[in-house]
Amino acid sequence: MPMGHTATAQAGSGGLTATEHRLANGLRVVLSEDHLTPVAAVCLWYDVGSRHEVKGRTGLAHLFEHLMFQGSGQVKGNGHFELVQGAGGSLNGTTSFERTNYFETMPTHQLELALWLEADRMGSLLAALDDDSMENQRDVVKNERRQRYDNVPYGTAFEKLTALAYPEGHPYHHTPIGSMADLDAATLEDARTFFRTYYAPNNAVLSVVGDIEPEQTLAWIEKYFGSIPAHDGKQPPRDGTLPDNIGAQLREEVVEEVPARALMAAYRLPHDGTRECDAADLALTVLGGGESSRLHNRLVRRDRTAVAAGFGLLRLAGAPSMGWLDVKTSGGVEVPQIEAAVDEELARFAAEGPTAEEMERAQAQLEREWLDRLGTVAGRADELCRYAVLFGDPQLALTAVKRVLEVTPKEVQAVAKARLHPENRAVLVYEPVAAEETEAADGHEHEGTDQ
């Protein structure tokens, strides 16, 4: 049996513990007992995301997330969903720049089923992967792109800002959804090569959290995953390093059928896993995290020039993180008026830093979010995988809030001064289509062909 570490609650972990194990084939396993409710969460992170893709083949990581639910060696078609849901469980998968994850929450007595299912698709997906399943899921992903990105107001904003903020050729220049052209170009052999390279036990972390018996759980994991061979063909992701500041203000105007003008911006911020990133998170929380934030108070409450104003952090480990500013204007307010007010607030914050009350409130807000994530078995399983894959140590998940609470107001002010200014942002301005243009377009809506 694989060896495990002693479970000792660390200071600042809220009494939570996790043990770590490794199979002979390289699969890392993290277990965390919690007998509060009779459920268990299984979470599997593969160290592959859109940053591992190459030009001309974007979207493969996300396409694979869908293919993993299309059947495997012992499970046909939609069987994965049917078996989990039939056993009273829930499941899903997601893709990001830096990983692809799969997860189930099961009644305790059905834990073995979830482990068997995950092992079956890790070990035998290629046996079921054929042209039919490839075409089926390619169409599903393209439809998802239409519904969530191309055909909704502001739907491509994240994609456009990412392309502006991370230069051409950078591994984060494109988003996980992929382009229609690349999805069309992907071949069955592309998919098979991708799977062999990345869907190997030595490129994954499996966490199991909840009402579990660790020895029995490890025995099941060894039984189902232990015989899956490792694969050593993976290349490291391309370097995502960039200068601290963009060095200029990048801008793009988008004229579309949107309900209101909008100002969106991406600021280049410190890498996840650093104290500076925690300081940036606190800065953005003070500035734009909810209805007590400075930007909400200024733009929505006081000036009434916006209907919504938010500023959040997309944490990234392999590239600079992204500070995401999103302001929707009210009435006929023009974007330059909004932008001037935003810059005024950011400059004031950089000059003065947060007040003691703002600091306390922001830290409490981030602490509550941390407690929410770790308070459910599924959330804790995901966090343990995240810290294991991205930072090599799942125990860091249990003490993350302690690091946020140690950040000082001076550090928050310093990161704001260094990063939250016009020369370090990519800006997207949305202007609604004029009424006469909309009417002209409506008169020709039946011409041409559907995409």
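Values below: all heavy atoms of this structure, side chains included; hydrogens, waters and symmetry mates excluded.
Remark: the Gln365 side chain and the Thr285 side chain contain no N/O donor-acceptor pair separated by less than 3.5 Å. Side-chain N/O atoms of Glu112 and Gln216 include no donor and acceptor closer than 3.5 Å. A side-chain donor-acceptor contact under 3.5 Å links Tyr172 and Glu98. Side-chain contact annotation: Ser133 with Asn136, donor-acceptor N/O pair under 3.5 Å absent. A donor-acceptor contact closer than 3.5 angstrom is absent between the side chains of Asp120 and His80.
Residues Ser207 and Ala381 share a closest heavy-atom pair of OG-O, 2.8 Å. Here the shortest heavy-atom pairing between Tyr166 and His173 reads O-ND1, 2.6 Å. Of all heavy-atom pairs between Cys385 and Val205, the closest is SG-O, 3.6 Å. Of all heavy-atom pairs between Gly49 and Ala61, the closest is C-CB, 3.8 Å. Here the closest heavy-atom approach between residue Met134 and residue Ala186 is recorded as CE-O, 3.7 Å. Across all non-hydrogen atoms, the minimal contact from Thr17 to Ser32 is O-OG, 2.7 Å.
Put simply, the side chain of Arg145 reaches to within 4.5 Å of the side chain of Glu159, judged on heavy atoms. Looking at heavy atoms from C-beta onward, Leu111 lies in side-chain contact with Trp220 at the 4.5 angstrom threshold. Side-chain atoms of Leu161 and Trp324, non-hydrogen and from C-beta on, do get closer than 4.5 Å to each other. No side-chain heavy atom of Val335 sits under 4.5 Å from any side-chain heavy atom of Tyr430. Taking the side chain as every heavy atom from C-beta outward, Val429 and Val427 approach each other to under 4.5 Å. The side-chain heavy atoms of Leu31 and His21, taken from C-beta on, include a pair separated by under 4.5 Å. Counting heavy atoms from C-beta outward, Val401 and Leu374 have side chains that stay 4.5 Å or more apart. Contact annotation: the side chain of Leu314 approaches that of Phe158 to within less than 4.5 Å [non-hydrogen atoms, C-beta and beyond].
Counting non-hydrogen atoms of neighbouring residues, nucleotides and ligands closer than 6.0 angstrom, the CD atom of Glu291 reaches no more than 12 such neighbours.
No cation-pi contact links Arg121 to Phe195, judged by a cut-off of 6.0 Å to the six-membered ring centre and 45° from its axis.
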> How far apart are the C-alpha atoms of Asp278 and Arg315, what are their side-chain angles, what is the distance that settles it, and do they pass the salt bridge (Lys or Arg N to Asp or Glu O under 4.0 Å) test?
Replying inline: CA-CA 10 Å; Asp278 288 336; Arg315 287 176 173 262; 2.8 Å; yes
>> Run Lys234 and Val48 through side chain to side chain contact (heavy atoms under 4.5 Å, CB included) and show every step you take.
In response: CA-CA 10 Å; Lys234 179 186 171 185; Val48 58; over 6 Å; no
> Step by step, would you call Glu213 with Glu215 a side chain to side chain contact (heavy atoms under 4.5 Å, CB included)?
Replying inline: CA-CA 6 Å; Glu213 202 289 299; Glu215 281 191 20; 3.6 Å; yes
>> Run the side chain to side chain contact (heavy atoms under 4.5 Å, CB included) test on Val254 and Thr156 for me, step by step, so that the C-alpha distance in whole Å, both residues' side-chain angles and the decisive distance to 0.1 Å come before the verdict.
In response: CA-CA 10 Å; Val254 182; Thr156 56; 5.9 Å; no
> Could you go step by step and tell me if Glu276 and Glu411 meet the side chain to side chain contact (heavy atoms under 4.5 Å, CB included) rule?
Replying inline: CA-CA 7 Å; Glu276 292 79 13; Glu411 289 173 294; over 6 Å; no
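Judged purely by atom type and a 3.5 angstrom limit, Thr399 has no side-chain atom pairing as donor or acceptor with the backbone of Lys402. Judged by distance alone, with hydrogens and angles left aside, the side-chain atoms of Asn424 form a donor-acceptor pair with the main-chain N or O of Arg268 at under 3.5 Å. Remark: the backbone N or O of Asp382 is not paired with any side-chain donor or acceptor of Arg373 at under 3.5 angstrom. The backbone N or O of Asp232 lies less than 3.5 Å from no partner atom in the side chain of Asn202, so there is not a single donor-acceptor pair. The backbone N or O of Val389 lies less than 3.5 Å from no partner atom in the side chain of Asp47, so there is not a single donor-acceptor pair. Without hydrogens or angle criteria, His35 side chain to Asp211 main chain gives no donor-acceptor distance under 3.5 Å. With hydrogens and angles disregarded, a donor-acceptor distance shorter than 3.5 Å links the side chain of Glu53 to the backbone of Leu60. In this structure a side-chain-to-backbone donor-acceptor pair under 3.5 Å is missing from Gln363 to Leu282. Between the side chain of Ser321 and the main chain of Pro270, a donor-acceptor pair closer than 3.5 Å is present. No donor-acceptor pair under 3.5 Å is formed between the side chain of Thr105 and the backbone N or O of Gly89.
Between Tyr198 and Phe64, the distance from one ring center to the other does not fall under 6.0 angstrom.
Under the salt bridge (charged side-chain N to carboxylate O under 4.0 Å, His left out) criterion, the residue pairs touching residues 27-39 are Asp34-Arg380, with sequence neighbours excluded. Listed by first then second residue, pairs satisfying ring pair (Phe, Tyr, Trp, His ring centres under 6.0 Å) with a partner in residues 227-246 number zero, not counting sequence neighbours. Listed by first then second residue, pairs satisfying salt bridge (charged side-chain N to carboxylate O under 4.0 Å, His left out) with a partner in residues 317-329 read Asp326-Lys328, not counting sequence neighbours.
Atom OH in Tyr154 sits 11.0 Å away from atom CG in Leu428 (nearest 0.5 Å). Atom CG in Leu117 sits 7.0 Å away from atom CD in Glu104 (nearest 0.5 Å). Between atom CG of residue Leu44 and atom CG of residue Leu27 there is a gap of 7.0 Å, rounded to the nearest 0.5 Å. Annotation: the span from Ile246 atom CD1 to Leu164 atom CG amounts to 8.5 Å, rounded to 0.5 Å. Interatomic distance, OH of Tyr267 versus CG of Leu313, reported as 14.0 Å (0.5 Å rounding). To the nearest 0.5 angstrom, Leu295 atom CG is 5.5 Å from Leu287 atom CG.
Electrostatic pairing of Arg386 and Glu383 counts as a salt bridge here, judged by a charged N lying under 4.0 Å from a carboxylate O. Note on Glu144 versus Arg148: salt bridge recorded, some NZ/NE/NH1/NH2 to OD/OE distance being below 4.0 Å. Ion pairing between Glu189 and Arg196 holds under the 4.0 Å rule for side-chain N and carboxylate O.
Here the rule is salt bridge (Lys or Arg N to Asp or Glu O under 4.0 Å) with Asp184, and of Arg57, Arg138, Lys142 only Lys142 fits it. Among Val286, Asp281, Val407, the one residue that satisfies the side-chain contact (heavy atoms from CB on, under 4.5 Å) test with Val412 is Val407.
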